[in-house]
*Asks:* 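Structure in structure tokens, see below.
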Amino acid sequence: MTKETDQQYEQRMKKTKAAVDERVARAQQERGTLIVLTGNGKGKSTSGFGTIFRAAGYGIKAAVVQYIKGTWPCGERDLALTLGIPVEIMGTGFTWETQNRDKDIAAAEKAWAASKAFLEDDSIEVLLLDEITYMLTYEYLDVKEVVAALAARPHNQTVIITGRNCHPDVIALADTVSEINPVKHAFEEGIKARKGVDW
Ligand code: ATP
Ligand code: MG
């Protein structure tokens with residue numbers, strides 16, 4: 001390939017800038033969005049919490065409901081609580097550890113009640129529902145009810161949903177969907193999960 005001249009580079013950058021400017025000008029709607037972070041790769045919950053802390057950096061009110069990871073230590077949860085960000089925790093630990101369906105359903109419903117309260121609170125501008133996808137996979141929560149509550153949330157509220165195998169009805173409602181693909185994971189090589197990185 002022949003090397004691009006400075007002039008050609010300038011032309012190409014001008015075109016790119018024009019295209020970007022046009023797209024920015026077209027994005028005129030002001031509203032909160034529904035963001036889904038799904039897939040089997042690492043980085044869903046940390047991304048969700050990253051957005052919560054990004055909002056908090058501007059003094060924007062955020063909240064978190066953590067489904068599943070109740071009894072585990074969790075650095076981001078502790079930091080959120082330190083910052084005064086409300087975090088509701090389902091609190092049963094992983095289901096394959098508890099193996100008590102009725103108890104898990106009751107815990108899921110309690111976490112959902114907390115989620116619904118946040119979904120009706122227009123002072124909360126960013127809400128993370130971490131690992132909620134599993135509640136729909138296991139049918140602990142009713143997908144129609146969840147979708148209806150998400151759709152009826154305050155206009156300015158952004159909701160972030162994380163977890164593998166997100167239900168298609170939630171994906172259909174979402175504005176932004178990222179699927180994280182596991183190209184590699186250290187765990188597969190026998191490397192232990194690390195404090196501060198994996199939890
Ligand atoms: P993180 O919390 O690090 O952003 P995640 O939310 O994308 O990860 P989860 O499925 O919730 O992923 O799993 C959380 C834990 O499992 C983390 O310790 C993470 O490093 C690990 N993990 C994530 N993806 C994989 C994978 N593909 N193989 C093995 N372990 C994984
Ligand atoms: Mg996660």
Side-chain angles (χ1 to χ4, degrees), residues 33-57 62-83 85-99 101 103-105 107-112 114-115 118-119 124 126-141 143 146-147 149-150 157-171 173-199:
T33 56
L34 177 61
I35 301 171
V36 171
L37 306 170
T38 192
N40 296 335
K42 170 174 165 60
K44 301 175 290 294
S45 296
T46 45
S47 168
F49 273 96
T51 311
I52 291 296
F53 295 133
R54 177 181 276 174
V64 179
V65 182
Q66 266 190 316
Y67 287 81
I68 294 196
K69 266 185 201 158
T71 54
W72 280 33
C74 175
E76 61 271 33
R77 177 174 66 220
D78 295 348
L79 177 59
L81 288 169
T82 306
L83 294 172
I85 296 166
V87 182
E88 295 287 338
I89 304 155
M90 191 166 125
T92 55
F94 279 99
T95 46
W96 52 88
E97 282 176 9
T98 61
Q99 293 173 1
R101 196 177 153 82
K103 212 174 128 198
D104 284 348
I105 291 174
E109 282 171 353
K110 196 162 158 259
W112 175 239
S115 308
F118 288 136
L119 286 164
I124 303 287
V126 186
L127 172 63
L128 171 60
L129 303 178
D130 190 34
E131 321 292 354
I132 193 177
T133 59
Y134 304 101
M135 303 303 107
L136 302 174
T137 308
Y138 303 151
E139 298 182 348
Y140 289 176
L141 298 178
V143 67
V146 170
V147 166
L150 290 170
Q157 188 180 79
T158 289
V159 177
I160 305 161
I161 284 187
T162 76
R164 297 177 188 204
N165 302 312
C166 186
H167 194 288
D169 292 3
V170 175
I171 288 184
L173 182 69
D175 303 288
T176 299
V177 180
S178 293
E179 193 168 49
I180 300 186
N181 180 35
V183 176
K184 282 186 186 180
H185 195 289
F187 184 70
E188 307 297 326
E189 294 298 314
I191 299 167
K192 274 176 93 168
R194 283 177 81 79
K195 182 177 182 177
V197 175
D198 293 298
W199 45 280

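Because the structure is predicted, anything quoted here is derived from the model rather than measured. Start at 1 and go down the list; that is how both ligands and their atoms are numbered.
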*Asks:* State the atoms of ligand 1, each with its element, that fall below the 4.0 Å cut-off from a heavy-atom position in Glu131.
*Replies:* 11 (O)

*Asks:* State whether the side chain of Ser178 and the backbone N or O of Leu37 hold a donor-acceptor pair below 3.5 Å, judged by distance alone.
*Replies:*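 Not at all, since once roles are kept as given, no pair shorter than 3.5 Å links the two residues.
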
*Asks:* Below 2.8 Å, any N, O or S contact between Ser45 and the Mg ion (ligand 2)?
*Replies:* yes

*Asks:* Regarding ligand 1, does Gly41 bring an N or O atom to under 3.5 Å of one of the ligand's N or O atoms?
*Replies:*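 N/O-N/O distance below 3.5 Å exists for this pair.
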
*Asks:* Among Cys74, Ser45, Ser47, whose heavy atom sits nearest atom 2 (O) of ligand 1?
*Replies:*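 Shortest heavy-atom distance from atom 2 (O) of ligand 1: Ser45.
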
*Asks:* Check whether any heavy atom of Thr162 sits under 4.0 Å from an atom of ligand 1.
*Replies:*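 Checking ligand 1 against Thr162, which is what was asked, there is no heavy-atom contact under 4.0 Å.
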
*Asks:* Below 3.5 angstrom, do we get any N/O pair linking Thr46 and ligand 1?
*Replies:* yes

*Asks:* Can you list the ligand 1 atoms lying under 4.0 Å from a non-hydrogen atom of Asp198?
*Replies:*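 Contacts of ligand 1 toward Asp198, numbered from 1: 17 (C), 18 (O), 19 (C), 20 (O).
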
*Asks:* Rounded at 0.5 Å granularity, tell me how far CH2 in Trp199 sits from CZ in Arg194.
*Replies:*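 That separation rounds to 10.0 Å.
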
*Asks:* Which value, rounded to the nearest 0.5 Å, describes the distance between Ile191 atom CD1 and His185 atom NE2?
*Replies:*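 Between Ile191 CD1 and His185 NE2, I get 9.5 Å after rounding to 0.5 Å.
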
*Asks:* Considering both backbone and side-chain atoms of Lys44, is one of its nitrogen or oxygen atoms within less than 3.5 Å of a nitrogen or oxygen in ligand 1?
*Replies:* yes

*Asks:* Can you name the one residue among Val170, Ile161, Asn165 that meets side chain to side chain contact (heavy atoms under 4.5 Å, CB included) with Thr133?
*Replies:*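 Exactly one option meets the side chain to side chain contact (heavy atoms under 4.5 Å, CB included) with Thr133, and it is Ile161.
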
*Asks:* Tell me whether Gln157 contacts the main-chain N or O of Phe118 through its side chain, where contact means a donor paired with an acceptor under 3.5 Å.
*Replies:*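 The answer is yes, because a donor-acceptor pair under 3.5 Å joins these two groups.
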
*Asks:* Using heavy-atom distances only, which candidate in Lys42, Glu188, His185 approaches atom 1 (P) of ligand 1 most closely?
*Replies:*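 The residue whose heavy atom sits nearest atom 1 (P) of ligand 1 is Lys42.
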
*Asks:* What's the spacing between Ser115 OG and Leu128 CG if we round to 0.5 Å?
*Replies:* 10.0 Å

*Asks:* Non-hydrogen atoms of Gly43 versus ligand 1: any pair closer than 4.0 Å?
*Replies:*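 True for this residue.
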
*Asks:* Could you list the residues that satisfy salt bridge (charged side-chain N to carboxylate O under 4.0 Å, His left out) with Asp175, not counting sequence neighbours?
*Replies:*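 Salt bridge (charged side-chain N to carboxylate O under 4.0 Å, His left out) list for Asp175, sorted by chain: Arg31.
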
*Asks:* To the nearest 0.5 Å, what is the distance between OG1 (Thr46) and CZ (Phe53)?
*Replies:* 11.0 Å

*Asks:* Could you tell me which residues satisfy salt bridge (charged side-chain N to carboxylate O under 4.0 Å, His left out) with Lys110, sequence neighbours excluded, listed by chain and number?
*Replies:* none

*Asks:* Restricting to N, O or S, what is the name of the atom of Glu131 that lies nearest the Mg ion (ligand 2)?
*Replies:*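 Distance check against the Mg ion (ligand 2) picks out OE2 in Glu131.
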
*Asks:* Closer than 4.0 Å to some heavy atom of Phe187 - which atoms of ligand 1 meet that?
*Replies:* 29 (C)

*Asks:* Determine whether the side chain, the backbone, both or neither of Ile180 has a heavy atom under 4.0 Å from any heavy atom of ligand 1.
*Replies:*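 None of Ile180 does.
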
